[in-house]
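One structure is given here, and the rest of the page talks about it.
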Number of protein chains: 2
Amino acid sequence: MARTPQDITDAELAVLNLLWERGRSTVRELTDVIYPGGSGSHYATVQKLLERLEGKACVKRDREPWPHEFESTIRREELIVRRLQATADKLCHGSLEPLLTQLVRNQTLSAEDRQSLRGLLDELDVEAKTSEK
Amino acid sequence: MARTPQDITDAELAVLNLLWERGRSTVRELTDVIYPGGSGSHYATVQKLLERLEGKACVKRDREPWPHEFESTIRREELIVRRLQATADKLCHGSLEPLLTQLVRNQTLSAEDRQSLRGLLDELDVEAKTSEK
DNA sequence: ATTCTATGAGACGCAATGTCTTTACGTCAA
DNA sequence: TTGACGTAAAGACATTGCGTCTCATAGAAT
């Protein structure tokens with residue numbers, strides 16, 4: 001069984017999380033937050049992580065300003081969905097429904113929560129019906 | 001940033017999935033399914049994976065019969081919840097609610113998925129009503 | 001007894017990942 | 001222009017996770 005590398009590693013995620021918070025940033029700005037009072041090599045570490053994120057199409061580099069500025073090209077929500085799907089693939093033959101079941105069972109939802117959830121489901125039903133013709 | 005090992009690896013998961021399907025099994029039975037016509041060393045591979053799963057308290061070994069029989073001590077649902085929580089920890093400061101939102105918004109939910117979710121919500125309504133008095 | 005299979009401990013090797021080094025380059029102040 | 005300083009870019013390096021494999025020993029069966 002071949003080993004499958006992680007899509008986005010923890011260190012990379014730390015950078016992405018910061019980009020989501022701060023928006024467009026330089027390597028230095030990110031480094032100073034992730035490694036406060038960090039040495040010179042930490043700068044290179046963050047740079048490498050950004051480079052790898054760029055390779056994974058999760059980050060876009062703007063070479064126009066100097067120093068370069070980085071920006072995430074993936075939204076947090078997209079990554080959430082990606083991870084959910086990965087979990088479903090490995091544990092539920094790709095079906096997301098069991099995840100939903102566990103989440104609903106596990107979380108204490110108020111009556112209002114349940115109602116609004118039903119509303120959302122109704123919306124989805126309508127969308128499905130209108131798009132199928 | 002220290003590297004965090006995966007809780008359960010893909011190869012280990014393949015074994016667990018089989019145990020969930022078949023129930024209590026011997027090493028040979030599992031090996032013959034995972035590596036059909038596999039060589040002798042594949043047997044040892046499965047054995048090692050079981051040993052590691054045992055160390056992670058996901059599998060119980062019964063030394064009484066011969067050959068030994070293995071059984072999973074964790075349910076698929078527990079593992080799902082664990083992975084969901086891990087995703088929430090890394091992407092949502094530990095909150096599961098954003099996962100739920102994404103799952104429901106995601107149009108990959110089939111009509112049947114939506115129906116079964118409604119059923120689940122109904123169950124929760126009943127539980128809430130009976131426990132509130 | 002011998003022969004087959006199972007067990008158990010450990011070695012091995014590749015690759016992923018976080019880190020660090022080095023060299024070249026751009027920008028600005030004197 | 002030159003020197004100083006921060007940045008860019010490429011790549012080397014160390015650790016270790018993880019799947020695999022070897023071998024020595026033990027139990028069962030014929």
Side-chain angles (χ1 to χ4, degrees), chain A residues 1-19 24-56 58-71 83 86 90, chain B residues 1-19 24-71 79 83 86 90:
Chain A
M1 166 149 298
R3 186 134 64 117
T4 57
Q6 313 185 236
D7 58 342
I8 292 182
T9 71
D10 286 354
E12 287 163 2
L13 198 51
V15 173
L16 253 193
N17 266 317
L18 242 190
L19 277 178
R24 173 178 277 255
S25 308
T26 68
V27 181
R28 169 121 329 267
E29 290 165 348
L30 299 172
T31 306
D32 288 347
V33 176
I34 299 180
Y35 301 97
S39 75
S41 59
H42 288 140
Y43 180 95
T45 297
V46 173
Q47 182 137 307
K48 174 64 69 181
L49 293 173
L50 281 165
E51 178 188 321
R52 287 175 182 166
L53 281 170
E54 200 182 2
K56 294 173 183 176
C58 296
V59 147
K60 174 172 67 68
R61 173 196 308 239
D62 188 351
R63 293 171 186 274
E64 190 50 39
W66 211 92
H68 296 174
E69 287 178 352
F70 293 82
E71 200 172 10
R83 302 241 163 161
K90 291 180 180 177
Chain B
M1 169 148 296
R3 186 136 61 118
T4 58
Q6 311 185 237
D7 56 344
I8 292 182
T9 71
D10 287 353
E12 286 164 2
L13 197 52
V15 174
L16 254 192
N17 267 317
L18 243 191
L19 278 179
R24 170 180 279 253
S25 309
T26 69
V27 181
R28 167 124 327 269
E29 291 164 347
L30 299 172
T31 306
D32 288 346
V33 176
I34 299 182
Y35 301 96
S39 75
S41 60
H42 289 140
Y43 180 95
T45 297
V46 173
Q47 180 137 311
K48 174 63 71 179
L49 292 172
L50 282 165
E51 178 187 320
R52 286 174 182 165
L53 281 169
E54 201 182 2
K56 293 174 182 176
C58 296
V59 146
K60 175 170 66 69
R61 172 197 309 238
D62 188 352
R63 293 170 186 274
E64 190 50 38
W66 208 91
H68 295 175
E69 289 178 351
F70 293 83
E71 200 173 10
L79 195 50
R83 301 241 163 159
K90 290 180 181 178

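Every chain is numbered from 1, with letters handed out A, B, ... down the list of sequences. As a basis for the values below, the full set of heavy atoms in this structure was taken, side chains included, without hydrogen atoms, waters or symmetry mates.
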Checklist line | B:Lys60 side chain reached by B:Arg24 side chain, heavy atoms, under 4.5 Å | finding: yes
Next item on the list: Mind checking the CD-NZ spacing from A:Gln6 to A:Lys56? Nearest 0.5 Å is all I need.
Entry: 8.0 Å
Notebook entry, point to check: Does any donor-acceptor pair link the side chain of A:Arg3 with the base of D:dG17 at a separation under 3.5 Å?
Noted result: yes
Check: By side chain to side chain contact (heavy atoms under 4.5 Å, CB included), which residues pair with A:Thr26, not counting sequence neighbours?
Finding: A:Arg28, A:Glu29, A:Pro67, A:Glu69
Next item on the list: State which of D:dT16, C:dG8, D:dA9 makes the closest approach to the side chain of A:Arg61.
Entry: D:dA9
Checklist line | Value in whole Å for how far the C1' atom of D:dG27 lies from CD of B:Glu64 | finding: 14 Å
Notebook entry, point to check: Residues two or more places apart in sequence or in another chain: which of them pass side chain to side chain donor-acceptor pair (under 3.5 Å) with B:Glu54?
Noted result: B:Arg61
Check: Which heavy atom in A:Met1 sits nearest to a heavy atom in B:Ala14, and how many Å separate them?
Finding: CE-CB, 4.2 Å
Checklist line | Contact residues, residues 39-56 of chain B to DNA chain D [heavy atom, < 4.0 Å] | finding: B:Ser41, B:His42, B:Ala44, B:Thr45, B:Lys48, B:Arg52
Checklist line | Distance, rounded to the nearest Å, where A:Trp66 contributes CH2 and C:dA24 contributes P | finding: 17 Å
Next item on the list: Please list, by residue number, the residues of residues 6-14 of chain A whose heavy atoms come closer than 4.0 Å to an atom of DNA chain D; answer none if no residue qualifies.
Entry: none
Checklist line | Spatial distance of atom CD1 (A:Ile8) from atom SG (A:Cys58) [nearest 0.5 Å] | finding: 3.5 Å
Next item on the list: Quick one: closest heavy-atom pair of A:Glu12 and A:Thr9, and the distance?
Entry: OE1-N, 3.0 Å
Indicate every side-chain donor-acceptor pair of residues 42-53 of chain B with a distance under 3.5 Å to a residue at least two apart or in another chain.
| residue | atom | partner | partner atom | Å |
| --- | --- | --- | --- | --- |
| B:His42 | ND1 | B:Ser39 | N | 3.1 |
| B:Thr45 | OG1 | B:Ser41 | O | 3.3 |

Next item on the list: Indicate the atoms forming the closest heavy-atom contact of A:Phe70 with A:Val27, along with that distance.
Entry: CE1-CG2, 3.5 Å
Note to self: Counting only heavy atoms and a strict 4.0 angstrom limit, can you tell me which residues of residues 25-35 of chain B come near DNA chain C?
What the structure shows: B:Val27, B:Arg28
Next item on the list: Measure across B:Ile34 and B:Pro36 and return the closest heavy-atom pair with its distance rounded to 0.1 Å.
Entry: O-CD, 3.4 Å
Notebook entry, point to check: Using 4.0 Å as the upper bound for N to carboxylate O, is an ion pair formed by A:Lys90 and B:Asp10?
Noted result: yes
Checklist line | Separation of C:dT7 P from B:His68 NE2 (nearest whole Å) | finding: 5 Å
Margin query: From CG of B:Leu16 over to P of D:dG19, roughly how many Å is that when rounded to an integer?
Written below: 13 Å
Note to self: Can you measure B:Arg63 atom CZ to D:dA26 atom P for me and round it to whole angstrom units?
What the structure shows: 15 Å
